[in-house]
There are 2 protein chains.
Amino acid sequence: MATKTKNATDETDGLNERLAHSGLRLTPQRRHVHDVLMEHMDHPTADQVFLRAKDSMPEISMATVYNTLDALVKCDMVRQVNVDRGATRYCANMKPHSHFYCDDCGSVYDVLQTISTSEANFKLPRGFKLRNIDTNIHGLCPDCTNKSRNRTN
Amino acid sequence: MATKTKNATDETDGLNERLAHSGLRLTPQRRHVHDVLMEHMDHPTADQVFLRAKDSMPEISMATVYNTLDALVKCDMVRQVNVDRGATRYCANMKPHSHFYCDDCGSVYDVLQTISTSEANFKLPRGFKLRNIDTNIHGLCPDCTNKSRNRTN
DNA sequence: CTAGGTGCAAAAGGTTTGCGGTTAA
DNA sequence: TTAACCGCAAACCTTTTGCACCTAG
């Protein structure tokens with residue numbers, strides 16, 4: 001039924017190097033969680049990652065998923081996405097991009113454009129050190145645009 | 001000691017109209033919570049709003065603070081700020097602006113510039129309806145920049 | 001009279017932590 | 001051998017909910 005996942009190896013993504021660079025080890029759990037995130041780039045919550053990871057690693061625990069996600073964030077292999085009150089979402093797409101958040105259904109989409117690729121130059125007050133800019137676009141996704149059209153028209 | 005707060009009235013901020021427009025009433029609690037948010041625009045969490053509001057309205061409850069904040073958000077008198085895993089922060093500054101988030105100490109500052117005032121033109125795929133763009137600048141605040149300089153040099 | 005609002009206490013997420021046991025340099 | 005890591009369960013923090021009472025239109 002389910003398509004056989006071909007796991008990434010360190011040659012393909014350099015996960016080991018990235019972890020090592022932050023003084024962290026590459027464990028089977030970390031490899032697996034990263035693979036899970038790479039397989040469907042749909043911005044899952046920690047809980048969703050946990051459920052997916054369990055499919056082929058039944059012993060893995062929620063705590064390990066959280067620890068692992070933190071480790072992957074720390075070594076810059078995963079981004080956290082915080083757009084609303086709900087659970088933090090995780091994103092393994094490390095190419096610069098923004099997120100579109102549907103205010104109606106809460107789904108998150110990548111938008112392949114960032115404020116740094118556009119010609120914005122933010123002037124920060126003296127002493128502030130810029131690390132990166134996080135752009136969250138709020139609006140309605142195609143599905144919800146249709147639904148709301150059908151309601152109001 | 002503490003400066004006497006001069007409460008805003010509806011003539012000054014039009015809170016009543018805004019609430020009414022969303023089918024909501026202006027209650028003493030809503031007036032007070034909004035005043036509290038206006039007094040120090042330091043992006044407090046719901047809990048901090050609760051503590052400050054209690055100072056001059058001891059009977060107010062946490063649930064009311066949450067309800068009220070939701071009401072104020074709904075009628076566009078307050079913005080929610082979600083930048084990290086922590087509690088949602090609230091911001092009564094409704095002039096378009098971005099937020100600077102210090103990755104070290106977690107404090108939030110307003111930056112009087114937005115992606116829409118800069119010349120960005122986001123191209124969204126067909127069907128997506130843009131409502132607004134939320135820009136969060138991550139980095140180090142002046143205090144933490146100094147601290148980290150002292151540690152590493 | 002009734003819908004909307006308040007306050008309380010309990011519940012429901014979501015995330016973190018403490019700890020005993022395991023594993024890899 | 002020792003520091004890093006895992007899994008479990010409990011704790012914790014933030015937010016929501018159910019309900020009885022109250023109040024303004």
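Bear in mind the structure is a predicted one, so any value in this text is a computation, not a measurement. Chain identifiers are assigned alphabetically (A, B, ...) following the order of the sequence lines, protein sequences preceding nucleic acid strands; residue numbering begins at 1 within each chain. Side-chain atoms are counted along with the backbone in the values below, which use heavy atoms only and exclude waters and symmetry mates.
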Identify the two heavy atoms, one from A:Cys91 and one from A:His97, that lie closest to each other, and give their separation to 0.1 Å.
-> SG-NE2, 3.5 Å
Could you tell me which residues satisfy salt bridge (charged side-chain N to carboxylate O under 4.0 Å, His left out) with B:Arg25, sequence neighbours excluded, listed by chain and number?
-> none
Using salt bridge (charged side-chain N to carboxylate O under 4.0 Å, His left out) as the criterion, list what pairs up with B:Asp70, not counting sequence neighbours.
-> A:Arg85
Please identify each residue that fulfils side chain to side chain donor-acceptor pair (under 3.5 Å) with B:Asn136, with sequence neighbours left out.
-> none
Residue list, side chain to side chain donor-acceptor pair (under 3.5 Å) with B:Arg52, at least two apart or on another chain | B:Asp42
State which residues pass ring pair (Phe, Tyr, Trp, His ring centres under 6.0 Å) with A:Phe100; sequence neighbours excluded, sorted by chain then number.
-> B:Phe128
Can you check nucleotides 7-10 of chain D for protein contacts, nitrogen or oxygen pairs under 3.5 Å, and list what you find?
{"from": "D:dG7", "atom 1": "OP1", "to": "A:Gln29", "atom 2": "NE2", "distance (Å)": "3.4"}
{"from": "D:dG7", "atom 1": "OP1", "to": "A:Glu59", "atom 2": "O", "distance (Å)": "3.4"}
{"from": "D:dG7", "atom 1": "OP2", "to": "A:Thr64", "atom 2": "OG1", "distance (Å)": "2.5"}

Any side-chain N or O of B:Thr88 under 4.0 Å from OP1/OP2 of D:dT14?
-> no
Here the residues of residues 76-86 of chain B within 4.0 Å heavy-atom distance, strictly under, of DNA chain D are none
Students should find that the nucleotides of DNA chain C closing off the region near chain B, any atom under 4.0 angstrom from a heavy atom, are C:dA3 to C:dT16
Mind calculating the distance between [atom1] ([X]) and [atom2] ([N]) to the nearest angstrom?
X	N	atom1	atom2	answer
B:Asn16	D:dA24	CG	C1'	12 Å
B:Asp47	D:dT16	CG	P	14 Å
B:Asp70	D:dT14	CG	P	17 Å
A:Arg25	D:dT2	CZ	P	14 Å
A:Leu19	D:dA4	CG	C1'	12 Å

Restricting to pairs with a member in residues 34-74 of chain A, which pass ring-ring contact (aromatic ring centres under 6.0 Å, His included), not counting sequence neighbours?
-> A:His43-A:His99
Could you work out the complete set of other residues in the hydrophobic cluster of B:Met38, with links drawn between I, L, V, M, F, W and Y side chains under 4.5 Å apart?
-> B:Met41
With a cutoff of under 4.5 Å between side-chain heavy atoms, which Ile, Leu, Val, Met, Phe, Trp and Tyr residues group with B:Val81?
-> B:Val83, B:Tyr101, B:Val108
With sequence neighbours left out, which residue pairs that include part of residues 128-140 of chain A fulfil the salt bridge (charged side-chain N to carboxylate O under 4.0 Å, His left out) condition?
-> A:Arg79-A:Asp134, A:Arg131-B:Asp103
With a 4.0 Å cut-off, would you call A:Lys147 and A:Asp143 a salt bridge?
-> no
